[in-house]
Protein chains: 2
Amino acid sequence: MTTPDTPTALVGEDLETWAALATVLEWLPAALDSQLQRDAQLTHFEYGVLYALANAPDSTLRMSVLSGYANSSLSRLSRAVTRLESRGWVRREPDPVDGRFTLAILTDSGRTKVDEATPGHAQTVHRLVLDRLTKPQVRQLREISRRITRAIGDGQEWEPPR
Amino acid sequence: MTTPDTPTALVGEDLETWAALATVLEWLPAALDSQLQRDAQLTHFEYGVLYALANAPDSTLRMSVLSGYANSSLSRLSRAVTRLESRGWVRREPDPVDGRFTLAILTDSGRTKVDEATPGHAQTVHRLVLDRLTKPQVRQLREISRRITRAIGDGQEWEPPR
DNA sequence: AGCATTCACTTGACTGAGCAAGTAATCGCC
DNA sequence: GGCGATTACTTGCTCAGTCAAGTGAATGCT
């Protein structure tokens, strides 16, 4: 008689799957950063910030909203925006509606930067991920990713950073 | 007539899939680190090092081999082992066979540490990933992950860190 | 209206990772 | 067998990220 115990170690297929995923978790972000760094002197995270601003109305977002889009803590975002600001791609303004909020605003040269960086990044995502998979696999990957994200959100003992 | 151009931006299903995966890439490592940090004062990377040693003959591996197993650069590994050494879980010895190699050796208390940390980590992997997926999805995830890893390895302009 | 509280960041101290330069051990070649 | 590569790390510097404490703006309670 077998019992569906909570497992105390990963074995067999589970271990292999986890090992494969863990490798992706380690290498894919590094590969993405590498391309963006080489071609646009941007980390993937910084690109994400610029991209989110580029797709926002008036190229403007409150820091706290932006940190949500970028899956980031406010302090990480604050430092990243400082860097982007010093390179002239973003500027900050207090929100006239409520001075506690800070608006991050994409500058014209920031927009140019995103536009230049986007094709290379999109190509890399295709080359490393999308083009390697069958269409059903792409769908599965989306569903699998969402399930994992939901599981993380559900965890009572851990809040994803905002 | 449509042409299969190299795309210059991600749109539609591709964008959604990529966004979902990017979220996993951001949150899953953080969630894993969070549990291990809380329950065992270990990063996921440090756990991986101890785990690899625990499963090696004589609980011993050359630094360069270990860095392969841990998907890490030698310099990152060197620093991690320094930390683990200072906590008494690993010790270093020059390889008697060839003094250029350094052997990393798991201590008894290091073994105890891995054994204590493993069930909680395995549970977290189940809770966040494996238990959320159907069996076919687990298989697909393994295959998808391997394809992505292979794609990264193929890239001529980027070598995965050893 | 006045003052403590809350909110939305920002910043200082510290840690971990990458890169490149350094170091010690061994190998290869004459 | 001596000496210039090569190999296998290690380490100094710099930078990004976290945590916790700090700051300035708005809110609420009386």
Side-chain angles (χ1 to χ4, degrees), chain A residues 25-27 29-38 41-49 60-87 90-105 158-162, chain B residues 25-27 29-34 36-38 41-49 60-68 70-87 90-105 158-162:
Chain A
L25 255 27
E26 191 73 44
W27 287 0
L32 258 12
D33 272 337
S34 170
Q35 179 271 323
L36 276 169
Q37 198 62 246
R38 180 167 48 73
Q41 289 75 249
L42 241 32
T43 63
H44 186 237
F45 179 73
E46 290 166 342
Y47 173 79
V49 168
T60 299
L61 286 172
R62 291 176 170 181
M63 291 291 283
S64 38
V65 174
L66 183 50
S67 80
Y69 290 176
N71 294 333
S72 129
S73 70
L74 211 37
S75 108
R76 183 184 182 189
L77 176 66
S78 178
R79 293 188 196 281
V81 168
T82 301
R83 292 193 299 273
L84 296 173
E85 210 174 10
S86 78
R87 304 220 257 157
V90 171
R91 63 194 165 80
R92 276 188 250 230
E93 258 178 47
D95 189 331
V97 172
D98 181 337
R100 285 172 302 181
F101 293 92
T102 299
L103 300 178
I105 308 169
W158 193 75
E159 290 289 311
R162 256 159 310 105
Chain B
L25 254 28
E26 190 73 45
W27 287 1
L32 257 12
D33 273 337
S34 169
L36 276 169
Q37 198 61 247
R38 180 165 49 73
Q41 290 72 250
L42 241 33
T43 63
H44 185 237
F45 180 72
E46 290 165 344
Y47 173 80
V49 169
T60 298
L61 286 173
R62 290 175 171 182
M63 291 291 282
S64 37
V65 175
L66 184 50
S67 79
N71 296 332
S72 127
S73 71
L74 213 37
S75 116
R76 183 184 183 188
L77 177 65
S78 178
R79 295 184 197 281
V81 168
T82 301
R83 291 193 299 273
L84 295 171
E85 209 174 11
S86 78
R87 305 217 257 159
V90 171
R91 65 195 163 78
R92 276 189 250 230
E93 257 178 47
D95 190 330
V97 172
D98 182 336
R100 284 172 301 181
F101 293 92
T102 299
L103 300 177
I105 308 168
W158 192 76
E159 289 289 312
R162 257 158 311 105

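Chain A is the first sequence line, chain B the second, and so forth, proteins listed ahead of strands; every chain is numbered from 1.
- Distance alone, capped at 3.5 Å, places no donor-acceptor pair between the A/Ser78 side chain and the A/Leu74 backbone.
- Partners of B/Glu85 according to the side-chain contact (heavy atoms from CB on, under 4.5 Å) rule, which considers only residues two or more places apart in sequence or in another chain, are B/Arg92.
- To the nearest angstrom, C1' of C/dA17 lies 13 Å from CG of B/Asp33.
- In this structure, B/Ser72 does not reach the C/dA17 phosphate: none of its side-chain N or O atoms is under 4.0 Å from OP1 or OP2.
- When the side-chain contact (heavy atoms from CB on, under 4.5 Å) test is applied to A/Ala104, the partners found at least two apart in sequence or on another chain are A/Leu53, A/Met63, A/Leu66, A/Val90.
- The CZ-P distance, from A/Arg62 to D/dA25, rounds to 16 Å in whole Å.
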*Quick one: what's the B/S/- string for nucleotides 19-29 of chain C, heavy-atom cutoff under 4.0 Å, read 5' to 3'?*
B-----BSS--
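- Atoms CG (A/Leu74) and P (C/dT11) sit 12 Å apart, rounded to a whole Å.
- Protein atom CD of B/Gln41 is 15 Å distant from nucleotide atom P of C/dT15, rounded to whole Å.
- Relative to the side chain of A/Ser73, the nucleotides C/dG18, D/dT18, C/dC9 differ in distance, and D/dT18 lies closest.
- Residues passing the side-chain contact (heavy atoms from CB on, under 4.5 Å) test with B/Arg91, sequence neighbours excluded: B/Glu93, B/Ile105, B/Thr107.
- Judged as a side-chain contact (heavy atoms from CB on, under 4.5 Å), and not counting sequence neighbours, the contacts of B/Asp95 are B/Arg62, B/Val97, B/Phe101, B/Leu103.
- For B/Asp98, the salt bridge (Lys or Arg N to Asp or Glu O under 4.0 Å) criterion is met by B/Arg100, not counting sequence neighbours.
- Under 4.0 angstrom from either OP1 or OP2 of C/dC9 there lies no side-chain N or O belonging to A/Arg76.
- Within the structure, a side-chain polar atom (N or O) of B/Ser64 is placed less than 4.0 Å from OP1 or OP2 of D/dC9.
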